[in-house]
Amino acid sequence: GNSVTQMEGPVTLSEEAFLTINCTYTATGYPSLFWYVQYPGEGLQLLLKATKADDKGSNKGFEATYRKETTSFHLEKGSVQVSDSAVYFCALSSGGFKTIFGAGTRLFVKA
Amino acid sequence: EPEVTQTPSHQVTQMGQEVILRCVPISNHLYFYWYRQILGQKVEFLVSFYNNEISEKSEIFDDQFSVERPDGSNFTLKIRSTKLEDSAMYFCASSASWNQPQHFGDGTRLSIL
């Protein structure tokens, strides 16, 4: 069945460091891919999305490129801020109604 | 920006009692969902709802669970006889179409004693 695997956390970075959170997926067909972010005490917010191969989703300095050949959708940001501290979820939707989430990666950014 | 709102933010219930979690989806959305997240675990799909009926449900969504859209704005999840293992954060979501991103509420933390 469809699944999402993302790197285990927590990831701890200093402010202005480069961020990569790896995500790979298994899916039939042509899934849409998402990154959601969950700030402490809040719900899930859509961060970015990509709906077909080679699409790049971007928002708030974060980027992820839909790589069909490697079945990956890694999240990157060139310079993280303390305010980026949160849990990041990679997710996919493939021809059905449900969104399938990865386990989440907690990011801590130190000043 | 329109939001999905959920009430209450925290619900404490005795085991065996019925509980109803409430959600107000984004007003022009047609698809509605419930997910749950047991502490420290993945976000898991429970059920999707469209055109006043369940369109898909997971194996978690057994006979103890039901969903309803009692009026034009609310979408509820009922757990008939709660168990300790139902303790989790429950998220409601809605989307404009089945292939559009889902927008999530802030969740209801359900604690079963």
Side-chain angles (χ1 to χ4, degrees), chain A residues 1-10 23-52 55 57-60 62 64 66 73 86-106, chain B residues 1-10 21 23-26 29-51 53-61 67 88-109:
Chain A
N2 297 342
S3 66
V4 175
T5 302
Q6 59 183 108
M7 63 188 287
E8 286 190 28
C23 171
T24 57
Y25 67 89
T26 302
T28 54
Y30 301 95
S32 294
L33 301 174
F34 310 95
W35 277 99
Y36 283 85
V37 59
Q38 185 177 30
Y39 297 103
E42 298 184 15
L44 297 162
Q45 299 177 26
L46 179 67
L47 182 59
L48 53 85
K49 67 173 182 174
T51 57
K52 61 183 188 298
D55 268 2
S58 61
N59 187 24
K60 300 181 182 179
F62 291 89
Y66 188 144
F73 192 56
V87 181
Y88 292 82
F89 292 91
C90 185
L92 71 82
S93 174
S94 179
F97 298 98
K98 61 185 174 184
T99 298
I100 295 170
F101 289 85
T105 301
R106 185 174 296 277
Chain B
E1 186 176 328
E3 293 183 337
V4 175
T5 56
Q6 291 185 241
T7 54
S9 56
H10 191 191
L21 309 182
C23 170
V24 179
I26 294 173
H29 284 185
L30 301 177
Y31 293 77
F32 314 113
Y33 314 84
W34 283 102
Y35 292 79
R36 79 172 185 191
Q37 184 182 28
I38 295 172
L39 186 64
Q41 298 187 24
K42 281 188 179 187
V43 177
E44 302 172 291
F45 170 78
L46 292 178
V47 66
S48 61
F49 191 86
Y50 169 71
N51 200 27
E53 60 183 28
I54 290 173
S55 44
E56 188 173 358
K57 62 182 181 179
S58 73
E59 61 277 5
I60 302 168
F61 194 87
V67 289
M89 182 74 90
Y90 288 80
F91 291 106
C92 175
S94 69
S95 64
S97 179
W98 64 271
N99 60 352
Q100 293 297 309
Q102 297 172 17
H103 296 258
F104 286 76
D106 284 346
T108 293
R109 180 170 299 283

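Keep in mind that what you see is a predicted model, and the values were worked out from it rather than measured. Letters go in sequence order (proteins before strands), and every chain restarts at 1.
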Turns out that what part of B:Q37 lies under 4.5 Å from chain A's heavy atoms comes down to side chain
Checklist entry - For B:K42, does the NZ atom have more than 12 heavy-atom neighbours from other residues, nucleotides or ligands under 6.0 Å away? => result yes
Closest non-hydrogen contact found for B:E56 with A:K98 is OE2-CE, 3.5 Å
Notebook entry, point to check: Side-chain contact, heavy-atom cut-off 4.5 Å: A:K49 with B:Q100?
Noted result: yes
Turns out that what part of A:Q38 lies under 4.5 Å from chain B's heavy atoms comes down to side chain
Interface check, chain A: of B:Y31, B:Y35, B:F91, B:Y33, most non-hydrogen pairs under 4.5 Å belong to B:Y35
Residue A:E8 excluded, over 12 heavy atoms near CD under 6.0 Å = no
Okay, A:L46 and chain B: the region with an atom under 4.5 Å from a heavy atom over there is side chain
Next on the checklist: Please tell me whether B:F104 and A:F101 form a close aromatic pair, meaning their ring centres lie under 6.0 Å apart.
Outcome noted: yes
Interface check, chain A: of B:S48, B:P101, B:G107, most non-hydrogen pairs under 4.5 Å belong to B:P101
Applying a strict 4.5 Å limit to non-hydrogen atoms, the region of B:Y50 in contact with chain A is neither
